[in-house]
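Take a look at the structure below.
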Amino acid sequence: MNFEEYLDSLKDKTVAVIGIGVSNQPLIRLLLKRGISVTACDKKSREELGTLGAELESLGARLQLGEGYLRDLTEDVIFRTPGMRPDLPELQAAVDRGSILTSEMEAFFEVCPCSKIAVTGSDGKTTTTTIIAELLKRAGKRVHLGGNIGHPLLAETGEMKKEDIAVLELSSFQLMTMTRSPHIAVVTNLAPNHLDVHKDFAEYISAKENIFTHQNSRDIAVFNADCGLTADEARRAPGRTRLFSGTKELEDGVFLRGESVICAADGQEREVMKIGDIRLPGVHNIENYLAAIAVVDGLVPDEQIRAFAREFGGVEHRIELVRTLRGVRWYNDSIASSPSRTIAGLRSFPEKVILIAGGKDKGIPYDQLGPVVNDHVKLLILCGATAGVIRRAVEQAENYAGLEIVDTQDYSQAVQLADSRAREGDVVILSPASTSFDRFANFMERGKVFKELVNQLH
């Protein structure tokens, strides 16, 4: 079914779109523009929506807002928002009454006319996705970047051509109910994450595996050979598998040999670049390049990969250098919403850093974070709901030797404290190891607030 046929199929149906956030607004406007009956549902009140509510009503939407926004859904098709479990009682009741439950990304996979490359994993998704997209653009491809990064793509599908490439970052929430997989799938790694939404780690892994389980023999799946869980998945993928590794040599994949990045396939090897070509700091970013190269091998010339790696300074909110003030470097790593991501960030620096951490608890263990903080941090500043659990992980670690830990009320106080304690040559990094939802709408807003506070220092 193509895009126009899909929209035509909705014209005689009623549609509910759950969540009037950034990811669903283009979809709502598109459906209304095509004359489709839309109920826009959101937990926010009319006052909290502001002028957006009146705007959508003027376009023809019916609003269902507030605490009862999921009550008595009877629409023929329901688009759930990413992050909402599909088995909520209200949604299940609607399905039992005959409603079709879908999502913006599921519909996009159904109607997208071009080849799709998708990336998932517990860490490194955004940077790997960005590298892949930018490398393909360097090679002259027309690329559409979306999913859990960039912006929603379904509303733009009508402008896409068969020879284009859609590059997507997909979260476990988006993948939970997916019944289609991309032509090339990437799983960067797997570690406990989002256990505040998923029932357990097994469900989280199962959701992630939808990125490759619906592939066929002509498709490709790229896995991290250094992660036991993803290495095991590689043995179950239905199509061709490629591996990447920073620790072992491979027959089909991309790996490190000393300081060289080697690509191996069909009994042949070649050096793509040196790790010194990679401008981004940290071993985890080398791994991101290994994964990306395994994807674009044969699509992007090696000289373009090298040139890009020397120039690319990273993605906003991912170990992003905010400024250098009086010899102190300030970094924004707001994307680090899990302990494993903060661990990777801390290991990116040779010196001990001043760390600002804490946020909302996702129900995941923090034990692994404690020893790394003790090894890589000279002053720990905590702020947010997870302050206590992070403190316990640090103080109960075997290598705890009295690291100074200070609790603060908010980011303003945390930044001021870090500024007063930092000396020339120090590094201060915001790397929360927690989600932003205790105080912010998302990690982007959290990072923006942090950067504003840092840029106000004098």
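Everything quoted here is computed from the prediction, not taken from an experiment.
- Applying the salt bridge (Lys or Arg N to Asp or Glu O under 4.0 Å) definition to pairs two or more places apart or across chains, those involving residues 62-73 are Arg62-Glu75.
- Taking the charged nitrogens against the carboxylate oxygens, Glu134 and Lys137 do have a contact shorter than 4.0 Å, which makes a salt bridge.
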Pairs under 3.5 angstrom only: tabulate donor-acceptor contacts from the side chains of residues 364-372 to other protein residues two or more places apart or in another chain.
residue: Tyr366; atom: OH; partner: Ala433; partner atom: O; Å: 2.7
residue: Tyr366; atom: OH; partner: Ser434; partner atom: OG; Å: 3.2

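- Considering only residues two or more places apart in sequence or on other chains, Glu48 meets the salt bridge (charged side-chain N to carboxylate O under 4.0 Å, His left out) condition with none of them.
- Taking Phe349 as the reference, Tyr331 meet the ring pair (Phe, Tyr, Trp, His ring centres under 6.0 Å) condition, with sequence neighbours excluded.
- Every residue meeting the salt bridge (charged side-chain N to carboxylate O under 4.0 Å, His left out) condition with Arg142, not counting sequence neighbours, appears here in chain and number order: Asp164.
- Partner of Ile149 under the side chain to side chain contact (heavy atoms under 4.5 Å, CB included) criterion, out of Thr130, Val119, Thr127: Thr130 alone.
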Atom pairs and distances, donor-acceptor, side-chain atoms in residues 89-98, under 3.5 Å, two or more places apart:
residue: Gln92; atom: NE2; partner: Asp96; partner atom: OD1; Å: 3.2
residue: Arg97; atom: NH2; partner: Leu73; partner atom: O; Å: 2.7

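- Here side chain to side chain donor-acceptor pair (under 3.5 Å) pairs that include residues 405-414, with residues two or more places apart or in two chains, are Arg391-Asp407.
- Residues satisfying the side-chain contact (heavy atoms from CB on, under 4.5 Å) criterion with Ser37, sequence neighbours excluded, are Thr14.
- By the side-chain contact (heavy atoms from CB on, under 4.5 Å) test, His183 is found to be paired with Ser115, Asp219, residues two or more places apart in sequence or in another chain being considered.
- Applying the side-chain contact (heavy atoms from CB on, under 4.5 Å) test to Ala118 and every residue at least two apart in sequence or in another chain returns Leu168, Leu170, Pro182, Ile211.
- Here Lys44 pairs with nothing under the salt bridge (charged side-chain N to carboxylate O under 4.0 Å, His left out) rule; sequence neighbours left out.
- Residues forming a salt bridge (charged side-chain N to carboxylate O under 4.0 Å, His left out) with Asp297 (at least two apart in sequence, or on another chain): Arg242, Arg270.
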